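As structure tokens, the structure follows; a few thoughts come after it.
Note on naming: letters A, B, ... go to the chains in the order of the sequence lines (proteins, then strands), and numbering restarts at 1 for each one. Note that the structure is a prediction, hence the values are computed from the model and not measured.
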Amino acid sequence: MTDSQNLGHEQRQVRLAKLKKLEEMGINAYPQIYRPTETSASLATKYETLANDTVTEDVVKVAGRIRAIRNSGMFIDIYDSTGKVQIYTSKNDSSEELLQMLDLLDIGDIIGVEGIVKRTKRGELSVSSMKITMLAKALLPLPEKFHGLTDTDTKYRQRYLDMITNPETTETLIKRSKIITAIRTLLLDQGLLEVETPLLHVIKGGATAKPFITHHNALDMDLFLRVAPELYLKRLIVGGMEGVFEIGRNFRNEGIDTRHNPEFTMMEIYRQYNDYTDMMTLVEQIFETAALKVNGTTDVEIDGKKISLKGPFQRRTMASLIEEYAGVDFLSIQSDEEARAVCDKLGVPVADDADWGHCMAAVFEEKCEQHLIQPTHVIDHPKSISPLTKEHRDDPRLVERFETFVNTWEMCNAYSELTNPIDQRERFEEQVKARDAGDDEADMMDEDFVTALEHGMAPTGGLGVGIDRLIMILTSNLSIRDIIAFPTMRKK
RNA sequence: GAGUGCGUAGCUCAGCUGGUAGAGCACCUGACUUUUAAUCAGGUGGCCCUGGGUUCGAAUCCCAGCGCGCUCACCA
């Protein structure tokens, strides 16, 4: 970046001069390796009982980034991944070499320090330096440490600066990693197999969403970045795998806001001889396990709302929620025309050719979602908005599907998977019709997938979990950009 | 995509109804073997986001653009 060369011009010049001086002293300011013997945390544990104003005889090596220099270098705070270590250097009894190095240090430098463990009069556990080794000379100044970095643009574009100056940013990213590990462990323990399926799709399918399109040169063929892994994971079930899951990125070419990033992390799970009720239980296990693992409790608070992730979650049919919040018994409506008239009366906008199912979904979104704060499985969706879902065993207008809502956000989407190839072909044909009519989010016909079903797929339960939103809930963050290390940004 | 707010030193922010740029931290010089956002004295540092316009004069007012936030639309 030519940008960085202009940044902090004056302060950069000062640091370059110090770097030059190090070179003249025969010091490599970016050495190959340094191996500390202790961390901030290990020192704190080992010397917990060391009394104030006490010097040990223990020589240790620590390393970290300089965050503060006080009293002309007498006290230096360095931070490693476990916390702070104070470095103490007395000018009175230090070598010429050490004092010279002291002069060349700046806030932001990464150094290694070999010295003796002591606790100062004021009670700060410290390393009394004998030798300071430059491990990485920083040429640019860090943001001010008291306020930290607050400019959102810089936080997202230069996340490392955000991490260095705002510990909660790092904590959130660590939690993110732990949540995913906890879920992965749970699923592996249940005997599921973690698999990988293509990100480059020849046919867009598995979700109603606008895709990113890219091009393969050698094949001279357009490809879609996947909007969902669903259709490939099901092929693995057809092939005989008992249960599979994939945690990975989906790409959807849609708007960016506090809950949407163009690439986001989705987890999908498929298990033979399960239906959607089994998937509800699995959702509860996943949420509870992740919460307990990273927070030690199933209680969370987000946006001032207290939420309990302890299962079982309430199950509510979409129809019953509509009845409660909109006062309409949608199941008694017989025709598309009547459904559109009801929407009109409720002030819910729908397309002129919207069918009964689309109307029902629209009313649910407008009138019900906003009330779903505590975890709720919304079950039994209309068929026409669910092209990959098995028909409901009690009502052919509905499907065996649920979406789990928390804090009004859709967290999960799950079905008794559609396995009937004849039915699946018809559903695809309806999607193609919608697509031809201008709905570029509708699915394409996937002949190869229908062929797979024609070979026979066992009854299967499937579940998709929006991992980013789960992480938002578990870390009490209201913006997806705060739980993704590098959110998508406009080119500067 | 629409509405709206913001953009001033490396960072965090002031800057009134227009009069030619400020603070704290950081940086430099010095003091103090003391600290915990160390302190004290002095100093350096600015394409006031970009481009137009109004005006004797614009960081300030107007228009357009760029970037970011928020809300809405689309969606998970």
Give the C-alpha distance, both sets of side-chain angles, the deciding distance and a yes or no for salt bridge (charged side-chain N to carboxylate O under 4.0 Å, His left out) between A/E417 and A/K234.
-> CA-CA 9 Å; A/E417 298 297 333; A/K234 285 184 187 172; 2.7 Å; yes
C1'-based separation of B/C68 from B/G30 [nearest Å] | 42 Å
Taking the C1' atom of each, how far is B/A76 from B/G15, in whole Å?
-> 44 Å
I want to check one thing: is the phosphate of [N], taken as OP1 and OP2, less than 4.0 Å away from some side-chain N or O of [X]?
X: A/R70; N: B/U36; answer: no
X: A/T208; N: B/A76; answer: yes
X: A/K84; N: B/A37; answer: no

Quick one: the side chain of A/E410 and the base of B/A76, do they pair up donor-acceptor inside 3.5 Å?
-> no
base_contact_polar (B/U35 base, A/E124 side chain, donor-acceptor, <3.5 Å) = no
Select from A/Y88 and A/H147 the residue whose nearest nucleotide in RNA chain B is closer to the 5' end of that strand.
->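 Of the two residues, A/H147 wins.
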Which residue, A/I69 or A/R122, contacts RNA chain B at a nucleotide closer to its 5' end, judged by nearest heavy atom?
-> A/R122
For the side chain of A/K145, counting heavy atoms from C-beta on, which of B/A76, B/A37, B/U36 is nearest?
->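 So the nucleotide nearest the side chain must be B/A37.
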Could you check whether A/K210 gets within reach of a base, just the sugar-phosphate, or nothing at all, counting any heavy atom under 4.0 Å?
-> sugar-phosphate
Using a 4.0 Å heavy-atom cut-off across all strands, classify A/L161 as base, sugar-phosphate, or nothing.
->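 The residue A/L161 makes no contact with any strand.
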For each nucleotide in nucleotides 65-70 of chain B, reading 5' to 3', give B when a protein heavy atom comes within less than 4.0 Å of its base, S when such contact involves only the sugar-phosphate, and - otherwise.
-> --SSSS
So do A/V195 and A/Y270 actually touch side chain to side chain, heavy atoms under 4.5 Å?
-> no
Does any non-hydrogen side-chain atom of A/N407 lie less than 4.5 Å from one of A/I307?
->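 Yes, at least one pair of side-chain atoms sits under 4.5 Å.
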Can you tell me if A/S129 and A/T89 form a side-chain donor-acceptor pair at under 3.5 Å?
-> yes
